[in-house]
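For reference, the structure discussed in these notes is given below.
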Protein chains: 2
Amino acid sequence: MLFLIENEGMGSLTEENYIKSVYSLSQATGEVIVSELAKKLQVKPPTVNSMMKKLALKKWVVYAPYKGIKVTDKGKKEALSIIRRHRLAELFLVNVMKLGWEEVHDIAEQLEHVESNRFYDRIDEMLGYPKFDPHGEPIPDANGKILNDKRIALNQAKENATVKIVAVADDKKSFLDHLNDKGLKIGEKVLIKRKEAYDGSVVLINKAKVELMITHQVAERILVEE
Amino acid sequence: MLFLIENEGMGSLTEENYIKSVYSLSQATGEVIVSELAKKLQVKPPTVNSMMKKLALKKWVVYAPYKGIKVTDKGKKEALSIIRRHRLAELFLVNVMKLGWEEVHDIAEQLEHVESNRFYDRIDEMLGYPKFDPHGEPIPDANGKILNDKRIALNQAKENATVKIVAVADDKKSFLDHLNDKGLKIGEKVLIKRKEAYDGSVVLINKAKVELMITHQVAERILVEE
DNA sequence: TTAAAATGTTAGACGTATCTAACAAATTAA
DNA sequence: TTAATTTGTTAGATACGTCTAACATTTTAA
Ligand SMILES: [Mn+2]
Ligand SMILES: [Mn+2]
Ligand SMILES: [Mn+2]
Ligand SMILES: [Mn+2]
């Protein structure tokens, strides 16, 4: 006797990682293509292809051959739930466990898959129902509601504007180590002194009136307001 | 070109769970048999058989057909490292996150597989390098050294003796819920009033001079000293 | 000391997640 | 608008962890 189990709502660790990436990468244009996912997830395109077929069966994505991949409402809910757990974990690691913002992402990648509402509810409670993670990213609430901000990348701010750093668009250690070196952090206000046309680098003046230069690569990963 | 990677020291989540069980179940007699492992891990005997072949190749166990399974020093080190993480996680969940001792085991089963020394070192530090988990089990130190105690099961204590509950030999929720109901906890002193010859049940007198009866099944899972 | 029962192993299968090789479609450039 | 390039799919293979069915060994009971 064989029972085909639907396994509604639940996803394997792998499926969770895929839907999270599908959601994030499709944010900008409403969809994501196979090769982008393959690159992000460090797998080959055929692997993405077969996983998308599976997620389409689960109704987490809409997927037609040779067409872009779109997240469904159901898939979005899944993704936001994992993103919520990831960001709560990161903030917990920084605020409660006193780890550095540059070292928490990799641990949160593992903690986000812990299955226990009690665990996450307590973290949420201990942190006082926080709205942002250590990198300035908004934390979706338990219903999947997430703040939709009007932040811009630092390299898109106007010259002579004073802007506040509110988030980073990358939480990999190498990048955050670099920001730590430059002394840049969330909440800091900086004046955009000059944007080089040639290479896209940006010259800033920080709180301490010290001038510092950052490359385009770095500037586009720093999100600012005002 | 094919590279056979040795993957020294590292184990998959599944392998970690097997070696932990091999270690625990072989504690009493120095070895464990296939059917015991199958029962504990909720898999069928052939599954255990093939996993033991794999662990034998990794030199974590010694395994000859139809003979009991023995842990090697290398396997013991692996097992103790996972047990350490499990128990540190449990204590963290109780002492820092204020969860109940009856609900932390299942979460710790997941947390013990988180790969991050930073994470566990911080937990250890925050807890003040603790020696026991919430169920009274000794926590191996970073070198795998573990306290070897002379605790006995409550049903093996003598009548009229006053003993201190120092640990429980089972940390499943159903059992701990039962202890919570009876008001029994670690550190509590009880007087053994009577041990029934017929069914092995034990009558105790607690701190508040109240008499209470526990079954053999419960008594053999409570560890006492003195 | 044999027969029955319990325990363990082998063979072959399956689902998941991955890959490479070969082919197909869509996009871009000539 | 054809050809080249990029992108995506299919087919078939592999490792892992699991299963069932069949067979083998060891232990226990007659
Ligand atoms: Mn992160
Ligand atoms: Mn983050
Ligand atoms: Mn436990
Ligand atoms: Mn415990």
Side-chain angles (χ1 to χ4, degrees), chain A residues 1-22 25-26 29 31-58 60-70 78 82 109-110 113 115, chain B residues 1-22 25-26 29 31-58 60-70 78 82 109-110 113 115:
Chain A
M1 182 89 66
L2 185 129
F3 293 94
L4 288 175
I5 294 160
E6 183 69 22
N7 207 2
E8 267 299 328
M10 266 299 301
S12 69
L13 182 147
T14 310
E15 289 168 347
E16 289 190 354
N17 284 333
Y18 274 87
I19 196 63
K20 198 168 49 130
S21 292
V22 170
L25 296 178
S26 66
T29 64
E31 52 181 67
V32 59
I33 64 177
V34 169
S35 54
E36 269 185 291
L37 277 169
K39 190 180 169 193
K40 171 79 165 261
L41 292 161
Q42 312 244 61
V43 295
K44 303 296 177 192
T47 310
V48 172
N49 176 271
S50 58
M51 184 57 71
M52 288 310 107
K53 284 177 184 167
K54 200 204 288 190
L55 296 191
L57 276 176
K58 292 182 95 124
W60 286 8
V61 302
V62 174
Y63 182 44
Y66 298 103
K67 291 275 153 42
I69 298 142
K70 293 186 206 65
E78 270 306 314
I82 299 150
E109 279 296 315
Q110 301 179 66
H113 303 291
E115 237 180 85
Chain B
M1 184 89 66
L2 185 129
F3 293 93
L4 288 176
I5 294 161
E6 183 69 22
N7 208 3
E8 267 300 329
M10 267 299 301
S12 69
L13 183 146
T14 311
E15 288 168 347
E16 289 190 354
N17 285 333
Y18 274 86
I19 196 64
K20 197 169 47 132
S21 292
V22 170
L25 296 178
S26 66
T29 64
E31 51 182 69
V32 58
I33 63 177
V34 169
S35 53
E36 269 185 290
L37 276 169
K39 190 179 170 195
K40 170 77 166 266
L41 292 161
Q42 313 243 64
V43 295
K44 304 296 177 191
T47 309
V48 171
N49 176 272
S50 58
M51 184 58 70
M52 288 310 106
K53 285 176 183 169
K54 200 204 289 194
L55 296 191
L57 275 178
K58 291 183 95 124
W60 286 9
V61 303
V62 174
Y63 181 45
Y66 298 103
K67 293 275 152 44
I69 297 142
K70 293 187 207 62
E78 269 306 313
I82 300 151
E109 280 295 314
Q110 301 178 65
H113 303 291
E115 235 181 87

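So you know, we letter chains A, B, ... as the sequences are listed, proteins then strands, and number each from 1.
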Legend entry - Ion pair Lys20(B)/Glu15(B), N-O distance below 4.0 Å: no

Atom CD1 of Ile69(A) and atom C1' of dT9(D) are separated, to the nearest Å, by 12 Å

To the nearest angstrom, the CD1-P distance between Ile33(A) and dT27(C) comes to 10 Å

Per-nt protein contacts along nucleotides 17-25 of chain D (heavy atom under 4.0 Å; B base, S backbone sugar-phosphate only, - none) come out as SBBBB--BS

DNA chain C nearest-nucleotide lookup for Pro65(A) and Pro65(B): closer to the 5′ end is Pro65(B)

Closest non-hydrogen contact found for Asn49(A) with Tyr63(A) is ND2-OH, 3.0 Å

Donor-acceptor pair, distance only, cut-off 3.5 Å: does the side chain of Glu16(B) make one with the backbone of His113(B)? no

To the nearest angstrom, the CG-C1' distance between Asn17(A) and dT18(C) comes to 14 Å

Minimal heavy-atom distance between Ala38(B) and Pro45(B), with the atoms involved, is CB-N, 4.0 Å

When rounded to whole Å, the NZ to P distance for the pair Lys53(A) and dT18(C) reads 15 Å

### Query
Is there a side-chain contact between Tyr18(A) and Val48(A), using heavy atoms and a 4.5 Å cut-off?
yes

Whole-Å distance, Leu57(B) CG to dC16(D) P, equals 11 Å

Worksheet entry | N or O in side chain of Ser35(B) less than 4.0 angstrom from dA6(C) OP1/OP2 | no

Are any of Asn49(B)'s side-chain N or O atoms less than 4.0 Å away from OP1 or OP2 of dG8(C)?
no

Hits for salt bridge (charged side-chain N to carboxylate O under 4.0 Å, His left out) against Lys40(A), two or more places apart or cross-chain, chain-then-number order -> none

Q.
Strictly below 4.0 Å: does Lys67(A) bring a side-chain N or O up to OP1 or OP2 of dA25(C)?
A. no

